[in-house]
Enquirer: 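Dropping a structure here in structure tokens format, bear with me for questions.
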Protein chains: 2
Amino acid sequence: MNPGEATPRRLRALPSRLTNQAALTANRIVDKALAQVGVRRYHYSLLAALDETGPTSQAELGRRTGIDRSDMVATVNDLADRGLVQRVPDPEDRRRNIVSVTSAGRRQLAQLDELLGAAQDAYLAPLSAADRRTLIDLLTRVTDYHRDKQD
Amino acid sequence: MNPGEATPRRLRALPSRLTNQAALTANRIVDKALAQVGVRRYHYSLLAALDETGPTSQAELGRRTGIDRSDMVATVNDLADRGLVQRVPDPEDRRRNIVSVTSAGRRQLAQLDELLGAAQDAYLAPLSAADRRTLIDLLTRVTDYHRDKQD
DNA sequence: TACCAACGTTGGCGCAGCCAACGAAAGCGA
DNA sequence: TCGCTTTCGTTGGCTGCGCCAACGTTGGTA
């Protein structure tokens, strides 16, 4: 971000900004990795959630991934168009759609896991294993603290 | 983000996602604080940079803050409209505009510093002072590592 | 039988972070 | 001095993420 000139002290002193910079970096790396197979972060989140829960409604998936219901519609559309996911009405509750991973979806997910693993490693490259654990711990504590708390 | 249901393990295991979640939280808190006085993050970054460098060109400010030149135009426009910043052509280099903080801008900046200080504290609330230093150190190392490196 | 809650869907919004292109101006090498 | 390249401000545009409001449909509940 800063070819040559120095970032103002005041900005460097902001943990929020630091976190944001790190997130930008991380997202850039991850997005580039996923883009190799034409996938965005929402796609992966959905596939990962689905693989873990088994077939579920869109609302449930949204709750688990943090994806808004309206965005969920588009994401499921995308994945269904690619045959990675299947959407059928729930006969037992006709408000719901049941979304499930196809076998192609599962294959894709496995590939994404690999790509993401490498991306994580690239992101955390300068840190030792212990440092990484510490960072994860600290960030987890922060986000957990704010989760239920509506800030 | 997660009222009730659990976040999938695979997602929880992603440091990049964790960082992003933390950044979302931090940005939410910061944005809300700044919004109290109708300011966005770009505005603060610009004012902070300007206060530190003294009157400079927009390009220079962009380099220091990481704000794109095109966005810089709009940001300077905003701040100039509010009388927080002044933009005059540089007589010694007629390609440049020299941007400088007004006294009203300096007053605003002082207020923003206060608001932001409180926001940082709210963001890092669950962490001890030592933890905060550690987090800042780790994030700094990660972002520094990736800065010059074009990922 | 009302009323309320949940669901999927549509449409929209704002901000951040980008990129491409342009004319004007400055710098620089031959 | 003349081209070439670089820098600067500006315009216009784009994508993705994270949101919110509203609506009709359906289920659960008083």
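Chain A is the first sequence line, chain B the second, and so forth, proteins listed ahead of strands; every chain is numbered from 1. In this text, all values refer to a predicted model and were calculated from it rather than measured experimentally.
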Enquirer: Pair A:Arg95, A:Asp90 - check salt bridge (charged side-chain N to carboxylate O under 4.0 Å, His left out), show working.
Expert: CA-CA 7 Å; A:Arg95 293 171 303 179; A:Asp90 184 344; over 6 Å; no
Enquirer: Output the rounded distance in Å from CG (B:Asn97) to P (C:dG23).
Expert: 19 Å
Enquirer: How long is the line joining CG of B:Asp31 and P of C:dG14, in whole Å?
Expert: 15 Å
Enquirer: Can you see if the side chain of B:Arg87 gets near the phosphate of D:dT10 - specifically, an N or O under 4.0 Å from OP1 or OP2?
Expert: yes
Enquirer: For a quick test of reading the model: is some side-chain N or O of A:Asn77 closer than 4.0 Å to OP1 or OP2 of C:dT9?
Expert: no
Enquirer: Rounding to a whole Å, what distance do you find between B:Asp68:CG and D:dG13:C1'?
Expert: 12 Å
Enquirer: With a cut-off of less than 4.0 Å, is there a side-chain N or O of B:Arg63 near OP1 or OP2 of D:dC8?
Expert: yes
Enquirer: Take A:Arg40 and A:Asp78 through the side chain to side chain contact (heavy atoms under 4.5 Å, CB included) test and state the conclusion after the steps.
Expert: CA-CA 10 Å; A:Arg40 283 175 292 108; A:Asp78 282 357; 2.8 Å; yes
Enquirer: So if I take every side-chain heavy atom of A:Arg94 and compare against D:dA22, D:dG9, D:dT26, which nucleotide ends up nearest?
Expert: D:dT26
Enquirer: What is the distance, rounded to the nearest whole Å, between atom CD1 of B:Ile67 and atom P of C:dC19?
Expert: 15 Å
Enquirer: What about A:Arg40: does its side chain form a donor-acceptor pair under 3.5 Å with the base of D:dG16?
Expert: no
Enquirer: In sequence, state the C-alpha distance, the side-chain angles, and the governing distance for B:Gln58 and B:Arg87, and then conclude on side chain to side chain donor-acceptor pair (under 3.5 Å).
Expert: CA-CA 9 Å; B:Gln58 298 179 194; B:Arg87 168 163 46 190; 2.8 Å; yes
Enquirer: Rounded to the nearest angstrom, tell me the gap between atom CZ in A:Arg17 and atom C1' in C:dA16.
Expert: 12 Å
Enquirer: How many angstroms lie between CG in B:Leu50 and OG1 in B:Thr65, if you round to the nearest 0.5 Å?
Expert: 10.5 Å
Enquirer: Heavy-atom nearest nucleotide on DNA chain C for A:Arg95 versus B:Tyr42: which residue maps closer to 5'?
Expert: A:Arg95
Enquirer: Nearest 0.5 angstrom please: B:Tyr44 OH to B:Gln108 CD, how far?
Expert: 11.0 Å
Enquirer: Are A:Gln58 and C:dA6 close enough that a side-chain N or O sits under 4.0 Å from OP1 or OP2?
Expert: no
Enquirer: Mapping A:Asp93 and A:Ser70 to their closest nucleotides on DNA chain C, which lands nearer the 5' end?
Expert: A:Asp93
Enquirer: Reckon B:Asn20 touches a base, only the sugar-phosphate, or nothing at all at heavy-atom distances under 4.0 Å?
Expert: sugar-phosphate
Enquirer: Nearest whole Å is fine: how far is D:dG9 C1' from B:Asp71 CG?
Expert: 13 Å
Enquirer: For A:Glu92 and B:Arg96, take the nucleotide of DNA chain D holding the closest heavy atom to each; which residue's nucleotide lies nearer the 5' end?
Expert: B:Arg96
Enquirer: Given atom CZ of B:Arg41 and atom P of D:dG18, what is their separation to the nearest angstrom?
Expert: 12 Å
Enquirer: Nearest-Å distance, CE (A:Met72) to C1' (D:dC20)?
Expert: 16 Å
